[in-house]
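Within every chain, numbering begins at 1; the chains are lettered A, B, ... in the order of the sequence lines, protein sequences first and strands thereafter. Just so we're clear, the structure is a prediction, and the values are computed from it rather than from any experiment. The analysis underlying the following values was restricted to heavy atoms, covering all of them including side chains, and did not include hydrogens, waters or symmetry mates.
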There are 2 protein chains.
Amino acid sequence: MASRNTVQQRVIAQQLMELGNHPTADEVYRAVRRQLPSVSKATVYRTLNKLVHLGEATCVIAGLGAERFDHRTDEHCHVVCMKCGTVQDVSEGVFNDGVDHADAAAACGYEIVGHDLVFEGICPACQRA
Amino acid sequence: MASRNTVQQRVIAQQLMELGNHPTADEVYRAVRRQLPSVSKATVYRTLNKLVHLGEATCVIAGLGAERFDHRTDEHCHVVCMKCGTVQDVSEGVFNDGVDHADAAAACGYEIVGHDLVFEGICPACQRA
DNA sequence: ACACTTAATGAAAATGATTATCAATAAGTA
DNA sequence: TACTTATTGATAATCATTTTCATTAAGTGT
């Protein structure tokens, strides 16, 4: 009985999917609470981390405020707004060309398991304000 | 009298330089305390953030544990060890070729001010353990 | 359907990193 | 030397995340 299928985990995974836009754990928590009013924030953290470990989600390296989670697991890069911290996908695949794990491994001696390319910028909304 | 030249700020900037390897605020604090035993951790944070604002240092987007600071301000990328969190430079410039701010801006609508390319891996020491 | 084992949960406390507060100190100026 | 106020040190506050632990309920066998 290694693992159990619980309502909480199903709703959390589903909300991460539906929210789409790189929510923080707290944003997921608030969304889940609409369906499961008594859910605990600890459960949200536990489940989000579990999904990442299972490879069914990723966490976005953003460096501004709370950690953000991503339901996408394919390779793509992000833009972070330096003012409000929101994160968006940058879908165009071109940016990850030229990133070679073997080259990087040779250059630093680490065993490379992945990489993240994140742009820093100001989002349209914050440009106005 | 916009700004003052204090011993604390000089020693903190100097230690960030000397430590070299992307120290956390706490690591800088411990180094500075050897010369200035009564320095406050708040002062270390304040000064480190000031240096970043002035463009005399940068903070590395690492996503594992505490924030890390970098005395280098030129464009270069990093490797983070997923086990111990240490950060190293990946000096070879090739990895940042193909990263085009204008392309990214067009793709997402943000005003792009910079980018970070960070590899995730396992450092030599952790590979053995 | 019923009982049993234990993974998963909820609530709250604990931890860790960073920031805010505020009285005391000291850098730069007159 | 006196004065103004930026900066400091100490501490409390904040925020995100993890741990703890008693309680609940999922999956299993009967």
Side-chain angles (χ1 to χ4, degrees), chain A residues 1-16 22-54 56-70 80 82-87, chain B residues 1-16 22-54 56-69 80 82 84-87:
Chain A
M1 201 180 337
S3 175
R4 283 175 191 180
N5 184 355
T6 68
V7 204
Q8 288 86 339
Q9 293 184 13
R10 257 177 284 125
V11 176
I12 290 166
Q14 177 215 330
Q15 282 304 323
L16 177 61
H22 317 90
T24 61
D26 192 71
E27 284 164 352
V28 175
Y29 169 63
R30 287 203 294 273
V32 168
R33 204 167 41 168
R34 288 203 297 269
Q35 295 179 47
L36 258 44
S38 73
V39 76
S40 160
K41 196 174 274 196
T43 300
V44 174
Y45 274 101
R46 279 186 288 238
T47 304
L48 252 15
N49 288 335
K50 184 182 176 185
L51 289 172
V52 171
H53 264 98
L54 291 174
E56 293 170 22
T58 54
C59 45
V60 180
I61 292 183
L64 196 68
E67 187 146 19
R68 286 168 178 280
F69 294 86
D70 193 341
V80 190
M82 292 288 101
K83 291 220 164 151
C84 63
T86 53
V87 174
Chain B
M1 202 183 336
S3 174
R4 284 175 191 178
N5 184 355
T6 68
V7 203
Q8 288 85 340
Q9 293 185 13
R10 258 178 283 126
V11 175
I12 290 166
Q14 178 216 330
Q15 282 304 321
L16 177 62
H22 317 91
T24 62
D26 193 70
E27 285 163 351
V28 175
Y29 169 64
R30 287 203 294 273
V32 169
R33 204 167 40 168
R34 288 203 298 270
Q35 294 178 48
L36 259 45
S38 72
V39 75
S40 162
K41 198 175 273 194
T43 299
V44 173
Y45 274 102
R46 278 187 289 238
T47 304
L48 252 14
N49 287 335
K50 183 183 177 185
L51 289 172
V52 171
H53 263 97
L54 291 175
E56 295 170 20
T58 55
C59 46
V60 180
I61 292 183
L64 195 68
E67 187 147 17
R68 285 169 179 279
F69 294 86
V80 190
M82 292 288 100
C84 64
T86 53
V87 173

Subject >> Atom-pair distance (OH on A:Tyr29; P on D:dA16), nearest Å >> reply: 13 Å
Original post:
When the nearest nucleotide of DNA chain C is assigned to B:Glu67 and to B:Val7 on a heavy-atom basis, which residue is associated with the more 5' position?
Top reply: B:Glu67
**OP:** Look at all strands and tell whether B:Ala42 reaches a base, only sugar-phosphate, or nothing, counting heavy atoms closer than 4.0 Å.
**Re:** base
**OP:** Could you tell me the separation between the NE2 atom of B:His53 and the C1' atom of D:dT7, rounded to a whole number of Å?
**Re:** 17 Å
**OP:** Name the closest nucleotide to the A:Arg4 side chain, picking from D:dT17, D:dG27, D:dG9.
**Re:** D:dG27
Original post:
Of the nucleotides C:dT9, C:dG10, D:dT17, which has the atom closest to the A:Thr6 side chain?
Top reply: C:dT9
Subject >> Any donor-acceptor pair under 3.5 Å from A:Thr43 side chain to A:Val39 backbone >> reply: no
**OP:** Say whether, by atom type as modelled, one donor and one acceptor occur between the side chain of A:His22 and the main chain of A:Val87 under 3.5 angstrom.
**Re:** yes
Original post:
Counting any heavy atom closer than 4.0 Å, what does A:Thr24 reach on the DNA or RNA strands: base, sugar-phosphate only, or nothing?
Top reply: nothing
**OP:** Ignoring backbone atoms, establish whether B:Ser40 has a side-chain N or O less than 4.0 Å from OP1 or OP2 of D:dT8.
**Re:** no
Original post:
Does any donor-acceptor pair link the side chain of B:Arg46 with the base of D:dT7 at a separation under 3.5 Å?
Top reply: no
Subject >> Side-chain donor/acceptor of A:Arg68 to backbone N/O of A:Pro23, under 3.5 Å >> reply: no
**OP:** Indicate whether OP1 or OP2 belonging to D:dA26 is found under 4.0 Å from a side-chain N or O atom of A:Gln9.
**Re:** no
**OP:** Name the residue closer to the 5' end of DNA chain D, choosing between A:Lys41 and B:Lys50 according to the nucleotide with the nearest heavy atom.
**Re:** B:Lys50
**OP:** Mind calculating the distance between CD (A:Glu27) and C1' (D:dT17) to the nearest angstrom?
**Re:** 16 Å
**OP:** Send over the distance from A:Leu51 CG to C:dA8 C1', rounded to a whole Å.
**Re:** 14 Å
Original post:
Should A:Ser3 be listed as having a side-chain N or O under 4.0 Å from OP1 or OP2 of C:dA8?
Top reply: yes
Subject >> From B:Arg46 atom CZ to B:Leu51 atom CG, the distance as rounded to the nearest 0.5 Å >> reply: 13.5 Å
Original post:
Would you say the side-chain atoms of A:Glu27 pair up with the backbone N or O of A:Thr24, donor to acceptor, closer than 3.5 Å?
Top reply: yes
Original post:
B:Arg10 has an atom CZ; how far is it from atom P of D:dT7, in whole Å?
Top reply: 13 Å
**OP:** Can you figure out which of D:dG27, C:dT18, C:dA20 approaches the side chain of A:Asn5 most closely?
**Re:** D:dG27
Original post:
Nearest of D:dT8, C:dT9, D:dT17 to any side-chain atom of A:Gln8?
Top reply: C:dT9
Subject >> Length of the line joining A:Leu64:CG and D:dC15:P, which is rounded to integer Å >> reply: 15 Å
**OP:** Evaluate the side chain to side chain contact (heavy atoms under 4.5 Å, CB included) criterion for residues B:Val32 and B:Gln8: first the C-alpha distance (whole Å), next the side-chain angles of each, then the deciding distance (0.1 Å), finally the verdict.
**Re:** CA-CA 8 Å; B:Val32 169; B:Gln8 288 85 340; over 6 Å; no
Original post:
For B:Ile12 and D:dT8, what is the distance between atoms CD1 and P respectively, to the nearest whole Å?
Top reply: 7 Å
Original post:
Would you say a side-chain N or O of B:Tyr45 is under 4.0 Å from OP1 or OP2 of C:dT19?
Top reply: no
Original post:
What's the CZ-P distance between B:Arg33 and D:dT8, to the nearest Å?
Top reply: 17 Å
**OP:** Using only side-chain N and O atoms of A:Asn49, determine if any of them is under 4.0 Å from OP1 or OP2 of D:dT17.
**Re:** no
